[in-house]
Trainee: 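Sending over a structure as structure tokens; questions will come in a sec.
Here is how names work: the chains are called A, B, and so on, in the same order as the sequence lines, proteins then strands, and each is numbered from 1. This structure is a prediction, so every number in the text was calculated from the model and none was measured.
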Amino acid sequence: MKKLQPFKKLSKQFYTRNLLTVVRELPGKILVKKYGKTFLAGKIVEVEAYDGMIDKAAHTFTGKTKRNEIMFNDGGYFYVYFTYGAHFCCNIVTGKKDHGTAVLIRAVEPLAGIKKMSLNRYNKITLTEKEKLNLTSGPGKVCEAFGITKEHYGLDLTGDKIFLLDRPKLKKSEIVVTKRIGIKKSVDLPWRFYIKDNPYVSRK
DNA sequence: ATCAAGATTACCT
DNA sequence: GGTAATCTTGATA
């Protein structure tokens with residue numbers, strides 16, 4: 001009989017390891033945002049790594065600015081940015097202080113608070129099948145569904161507003177590795193990781 | 001002060 | 001498949 005693992009918050013030590021170690025372990029973990037007395041939650045199904053030291057696509061590649069300064073902290077902080085005049089995207093800062101590394105959360109599978117997510121995305125509760133799959137299948141969609149905005153910039157992920165829950169490690173065969181999406185620089189780095197056959201992954 | 005780009009999305013054919 | 005929308009940020013002057 002397999003022991004049921006309790007849902008435990010990921011610790012500071014999880015995040016302060018190297019970017020590429022953390023990014024491989026993030027698929028399958030659970031993103032949680034406190035919402036009043038309840039919670040919004042989703043299983044992380046797609047992520048990308050960004051490393052300012054060697055990666056021209058990273059916001060930290062050209063040094064510290066007001067926007068990216070949280071990425072130069074040690075791991076365990078939330079980096080939120082605004083783009084294309086419309087969308088927020090959220091990231092998990094990793095590594096040691098001054099590394100400038102983070103993981104973009106590209107897609108999650110909704111687990112709890114789905115009604116609230118539906119309201120945030122579509123301003124209604126009853127969704128078509130297509131709309132359900134479109135709820136959190138992209139970085140901007142995740143933030144809209146969870147109500148994540150610049151006010152969440154810099155949050156400590158060991159706190160209780162936004163955090164991740166641990167889950168058993170996935171097998172290597174369950175994770176697909178590809179080049180990243182939607183960037184024009186350093187396009188060949190194989191730093192996108194997603195859960196095989198999961199319908200909420202943004203693109204095959 | 002001005003300007004171009006952008007870790008996207010929704011909607012179109 | 002392609003592209004308009006939309007505005008913050010960072011770079012350049």
Side-chain angles (χ1 to χ4, degrees), chain A residues 15 19-20 22-24 26-27 29 31 42 44-73 75 77-95 99-110 117-124 127-155 157 162 164 175-195 199-204:
Chain A
Y15 301 107
L19 170 69
L20 291 178
V22 177
V23 70
R24 277 184 256 267
L26 279 176
K29 307 301 189 218
L31 172 68
I44 295 174
V45 300
E46 179 184 355
V47 291
E48 287 178 354
Y50 288 87
D51 179 351
M53 296 303 287
I54 59 171
D55 168 14
K56 294 195 181 87
H59 290 162
T60 44
F61 186 73
T62 50
K64 194 181 282 189
T65 66
K66 188 175 178 186
R67 175 175 70 158
N68 68 23
E69 62 184 350
I70 195 68
M71 271 182 77
F72 289 96
N73 271 22
Y77 292 92
F78 209 47
Y79 168 44
V80 181
Y81 67 89
F82 186 66
T83 191
Y84 288 104
H87 311 290
F88 290 99
C89 296
C90 67
N91 298 251
I92 308 295
V93 178
T94 68
H99 281 195
T101 55
V103 177
L104 172 68
I105 298 181
R106 286 197 55 90
V108 309
E109 175 179 330
M117 293 185 199
S118 303
L119 285 170
N120 286 343
R121 290 271 295 132
Y122 291 101
N123 200 30
K124 61 180 186 178
L127 304 185
T128 65
E129 288 306 308
K130 200 173 175 183
E131 286 168 336
K132 284 180 191 170
L133 284 174
N134 200 36
L135 211 44
T136 52
S137 56
K141 300 174 192 175
V142 170
C143 285
E144 188 172 43
F146 276 71
I148 292 168
T149 69
K150 62 178 185 292
E151 73 180 282
H152 306 290
Y153 179 96
L155 273 185
L157 296 172
I162 293 178
L164 302 187
I175 296 181
V176 180
V177 185
T178 72
K179 293 174 185 177
R180 296 173 296 177
I181 289 181
I183 53 172
K184 296 201 175 74
K185 304 169 191 164
S186 297
V187 292
D188 288 329
L189 292 170
W191 284 0
R192 174 170 176 251
F193 302 81
Y194 66 85
I195 298 180
Y200 292 90
V201 170
S202 65
R203 281 171 49 188
K204 293 272 284 190

Trainee: Hey, could you give me the OG/CG distance between A:S118 and A:N123, rounded to the nearest 0.5 Å?
Mentor: 11.0 Å
Trainee: Mind checking side-chain contact (heavy atoms from CB on, under 4.5 Å) for A:K150 and listing every partner two or more places apart, or none if nothing turns up?
Mentor: A:F88
Trainee: How would you label the contact of A:R121 with the nucleic acid (heavy atoms, under 4.0 Å): base, sugar-phosphate, or nothing?
Mentor: sugar-phosphate
Trainee: For A:K184 and for A:G140, find the nucleotide of DNA chain B with the closest heavy atom, then tell me which residue's nucleotide is more 5'.
Mentor: A:K184
Trainee: Using the test side chain to side chain donor-acceptor pair (under 3.5 Å), find all partners of A:E131 that sit at least two apart in sequence or belong to another chain.
Mentor: A:K124, A:T128
Trainee: At 4.0 Å (heavy atoms only), tell me whether A:R106 reaches a base, stays on the sugar-phosphate, or touches nothing.
Mentor: sugar-phosphate
Trainee: Anything under 4.0 Å to a heavy atom of chain A counts; send over the first and last such nucleotide of DNA chain C, read 5' to 3'.
Mentor: C:dT6 to C:dA11
Trainee: First and last nucleotide of DNA chain B touching chain A, 5' to 3', heavy-atom cut-off 4.0 Å?
Mentor: B:dG6 to B:dA10
Trainee: Students often get this wrong, so: under 4.0 angstrom with heavy atoms, is A:F82 touching a base, only sugar-phosphate, or nothing?
Mentor: sugar-phosphate
Trainee: Sorted by first residue and then second, give each side chain to side chain donor-acceptor pair (under 3.5 Å) pair with at least one member in residues 82-95 of chain A; sequence neighbours left out.
Mentor: A:T94-A:T101
Trainee: Of all of residues 51-65 of chain A, which get a heavy atom below 4.0 angstrom from DNA chain C, listed by number?
Mentor: A:T62, A:T65
Trainee: More 5' along DNA chain C: A:N68 or A:G85, using each one's nearest nucleotide?
Mentor: A:G85
Trainee: Restricting to side chain to side chain donor-acceptor pair (under 3.5 Å), what partner residues turn up for A:R192, sequence neighbours left out?
Mentor: A:E46, A:T178
Trainee: Sort by first number and list every stem of DNA chain C: at least 3 consecutive Watson-Crick or G-U wobble pairs, both distances under 3.5 Å.
Mentor: B:1-6 with C:7-12, B:8-12 with C:1-5
Trainee: Measuring from atom CG of A:L189 to atom CG of A:L20, what distance do you get when rounded to the nearest 0.5 angstrom?
Mentor: 9.0 Å
Trainee: Please identify each residue that fulfils side chain to side chain donor-acceptor pair (under 3.5 Å) with A:H59, with sequence neighbours left out.
Mentor: A:Y79
Trainee: Categorize A:N91 for me: base, sugar-phosphate, or nothing, with a 4.0 angstrom heavy-atom threshold over every strand shown.
Mentor: base
Trainee: Can you list the residues that meet the salt bridge (Lys or Arg N to Asp or Glu O under 4.0 Å) rule with A:K185, with sequence neighbours excluded?
Mentor: none
Trainee: Enumerate the residue pairs fulfilling salt bridge (Lys or Arg N to Asp or Glu O under 4.0 Å) with a member in residues 51-65 of chain A, sequence neighbours excluded, ordered by first and then second residue.
Mentor: A:D55-A:R180
Trainee: Taking the side chain from A:E109 and the backbone from A:V45, do they hold a donor-acceptor pair closer than 3.5 Å?
Mentor: no
Trainee: Mark yes or no for whether A:Y153, through its side chain, and A:R67, through its backbone, hold a donor-acceptor pair below 3.5 Å.
Mentor: yes
Trainee: Verify salt bridge (charged side-chain N to carboxylate O under 4.0 Å, His left out) between A:K132 and A:E129, making sure each step is shown before the conclusion.
Mentor: CA-CA 5 Å; A:K132 284 180 191 170; A:E129 288 306 308; 3.1 Å; yes
Trainee: Need one value for A:I183: base, sugar-phosphate or nothing, where a base atom within 4.0 Å counts as base even if backbone is also close, heavy atoms only.
Mentor: sugar-phosphate
Trainee: Only counting residues at least two apart or in another chain, list the ones meeting side chain to side chain donor-acceptor pair (under 3.5 Å) with A:N73.
Mentor: none
